[in-house]
There are 2 protein chains.
Amino acid sequence: MYFCTVKPKKIIPRSDCPISTALDIVGDKWSLLIIRDMMFKGKNTYGDFLNSEEKIATNILADRLSLLESAGVISKHKHPESKAKVLYKLTDKGIDLLPVLVELIEWSEKYHIVHPTAKTFVKQLKKDKKEIISKLYEELKAT
Amino acid sequence: MYFCTVKPKKIIPRSDCPISTALDIVGDKWSLLIIRDMMFKGKNTYGDFLNSEEKIATNILADRLSLLESAGVISKHKHPESKAKVLYKLTDKGIDLLPVLVELIEWSEKYHIVHPTAKTFVKQLKKDKKEIISKLYEELKAT
DNA sequence: AAAATCACTTGCATTTTACAAGTAGTTGAT
DNA sequence: ATCAACTACTTGTAAAATGCAAGTGATTTT
């Protein structure tokens, strides 16, 4: 299905401030984790997201997926291996959140106790961020 | 007052994922707007934040300020002009959220209808982002 | 001395979230 | 062909967060 499957839930922008309109979409505890799963962990089904270590509740997951689809950040597709599954993909708009996530990672790594994997990733970033981001970007576009 | 004025509200990290721990602090609709006000609009008092165009509720504002202080993102100081006022400042940790906000602005400008000011800001960013960010960074550190 | 301003707090209704259980379609094994 | 397991959800309900209006006590202005 290459069309939106939900009657778009109206997100009413609180203002025309770009930060505010961004937060109207991804300003919560879960949406960016779903996007993280798709970007960095190759997850792309409902069950994948459910099983993430932060343990999102199933009704919240359904709600966020529908919101993100309405906002044009993700899209639903038929799964190549099973009719029972739905394949979720990042749209271009979703992929363009990559730099936001990268900056969040850098910030957190600087100030919090995080997984070692994050530390090595940030170390690589310090060397040539532009190259790493554009490489990740191409990979995401490709799939 | 150069000390924390709140008994730190325990934020329990959901995981050691850096994105997750970041969202534990700023993953909501309001926190980053308060930080935006301090970063880009020179706001630094309770009343300033209350009067922002998105109209945060006063109890929510109080709660977020206390959470952000607990998380070490902002700090409270005596106001130079009045004992009735409290001066809120970004800490280094707070200032380091600048790149996150900048990426959110760029993303939103690309995909949403935003204020003209944002459009010109993004145009400047396209020319030399690094320079602009480090200049803003220095200004924030200075005050 | 009174009125206005400041940074909040309190009470309450509404909304959102979390948790548990259930459903309908699909798949894999017998 | 049948049944259990898996898939993507939905539903019900309790708990928590949010939004709104009004109030409080300290300070500042008039």
Side-chain angles (χ1 to χ4, degrees), chain A residues 1 4-7 9-12 14-15 20 23-34 37-38 43-70 74-89, chain B residues 1 4-7 9-12 14-15 20 23-34 37-38 43-70 74-89:
Chain A
M1 336 144 183
C4 188
T5 61
V6 290
K7 34 185 173 318
K9 311 210 172 162
K10 202 72 179 181
I11 292 174
I12 301 135
R14 289 171 292 173
S15 75
S20 166
L23 295 177
D24 288 336
I25 300 171
V26 295
D28 71 273
K29 298 243 175 295
W30 295 108
S31 298
L32 287 179
L33 292 188
I34 296 169
D37 284 350
M38 301 176 83
K43 298 193 176 184
N44 50 34
T45 67
Y46 194 90
D48 285 345
F49 306 137
L50 260 193
N51 291 328
S52 283
E53 63 173 327
E54 291 89 4
K55 294 291 162 227
I56 187 170
T58 174
N59 55 338
I60 304 296
L61 175 57
D63 182 69
R64 289 307 114 87
L65 288 172
S66 132
L67 274 174
L68 289 173
E69 193 194 359
S70 291
I74 64 174
S75 53
K76 292 171 88 169
H77 303 263
K78 51 179 81 160
H79 198 283
E81 292 164 14
S82 162
K83 265 205 280 186
K85 294 186 181 180
V86 172
L87 183 76
Y88 286 95
K89 288 179 67 176
Chain B
M1 337 144 182
C4 189
T5 61
V6 289
K7 33 187 173 321
K9 311 210 173 165
K10 203 73 181 180
I11 291 174
I12 301 135
R14 289 171 292 174
S15 76
S20 167
L23 294 178
D24 288 335
I25 300 172
V26 296
D28 71 272
K29 298 244 175 295
W30 294 109
S31 298
L32 286 179
L33 293 188
I34 296 169
D37 284 349
M38 300 176 83
K43 299 193 177 185
N44 51 34
T45 67
Y46 194 91
D48 286 344
F49 305 137
L50 259 192
N51 291 329
S52 283
E53 63 174 326
E54 291 89 3
K55 294 289 161 228
I56 188 171
T58 174
N59 56 335
I60 304 296
L61 175 57
D63 182 68
R64 289 307 114 88
L65 288 172
S66 131
L67 273 175
L68 290 173
E69 193 194 359
S70 290
I74 63 175
S75 52
K76 293 171 88 169
H77 303 263
K78 51 179 79 158
H79 198 285
E81 291 165 14
S82 160
K83 266 206 277 187
K85 293 185 181 179
V86 172
L87 184 75
Y88 286 96
K89 288 178 66 176

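In what follows, every chain begins at residue 1, and chains take the letters A, B, ... in the order their sequences are listed.
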Atom-to-atom span, CG of B:Leu65 to P of D:dT18 - whole angstrom:
14 Å
Has B:Lys76 got a side-chain N or O lying under 4.0 Å from the OP1 or OP2 atom of C:dC8?
yes
On DNA chain C, nearest-nucleotide positions of A:Ala57 versus A:Lys83: which is more 5'?
A:Ala57
Looking at A:Lys55, I'd like to know whether one of its side-chain N or O atoms comes within less than 4.0 Å of OP1 or OP2 on C:dA20.
no
Separation of C:dT5 atom C1' from B:Lys85 atom NZ, nearest Å, is 9 Å
Ignoring backbone atoms, test whether A:Thr45 places a side-chain nitrogen or oxygen under 4.0 Å from the OP1 or OP2 oxygen of D:dT7.
no
Taking the minimum atom-to-atom distance to the side chain of A:Tyr46, which one of C:dC8, D:dC9, D:dC20 wins?
D:dC9
Minimum heavy-atom separation for B:Tyr88 and B:Ile74, please, with both atom names.
CD2-CD1, 4.0 Å
Mind checking B:Ser82 for me? I need base, sugar-phosphate or nothing, with any heavy atom below 4.0 Å counting as a touch.
sugar-phosphate
Whole angstrom value for the distance that separates C1' of D:dA8 from NZ of A:Lys78
17 Å
For A:Tyr88, answer base if it contacts any base atom (sugar-phosphate contacts may also be present), sugar-phosphate if it contacts only those atoms, and nothing otherwise; contact means non-hydrogen atoms under 4.0 Å.
sugar-phosphate
Side chain of A:Val86 only, heavy atoms from C-beta on: which candidate in C:dC8, D:dA8, C:dA20 is closest?
D:dA8
If I take atom CZ in residue A:Arg14 and atom P in nucleotide D:dT18, what distance separates them, rounded to the nearest angstrom?
12 Å
Grab the two heavy atoms, one from A:Lys9 and one from A:Ser66, that are nearest each other, plus how far apart they are.
CE-OG, 3.1 Å
From NZ of B:Lys10 over to P of D:dA16, roughly how many Å is that when rounded to an integer?
19 Å
Rounded to the Å, how far apart are A:Ile56 CD1 and D:dC9 C1'?
13 Å
Taken to the nearest whole Å, NE2/B:His79 to C1'/D:dT27 is 13 Å
Residue whose closest nucleotide on DNA chain D lies nearer the 5' end, B:Asp63 versus B:Thr58:
B:Asp63
Should B:Trp30 be listed as having a side-chain N or O under 4.0 Å from OP1 or OP2 of D:dA17?
no
How about B:Thr5 and B:Glu69: does a side-chain donor come under 3.5 Å of a side-chain acceptor?
yes
Within a strict 4.5 Å, meaning less than it, do heavy atoms of the A:Leu50 and A:Lys55 side chains meet?
no
Among side-chain atoms of B:Ser31 and B:Asp28, is any donor-acceptor pair under 3.5 angstrom?
yes
With DNA chain C as reference, determine whether B:Leu50 or A:Ile60 sits nearer its 5' end, using the nearest nucleotide of each.
B:Leu50
Using heavy atoms to find the nearest nucleotide of DNA chain D for A:Gly47 and B:Asn59 separately, return the residue whose nucleotide is more 5′.
A:Gly47
Value in whole Å for how far the C1' atom of D:dC9 lies from CD1 of A:Ile34
14 Å
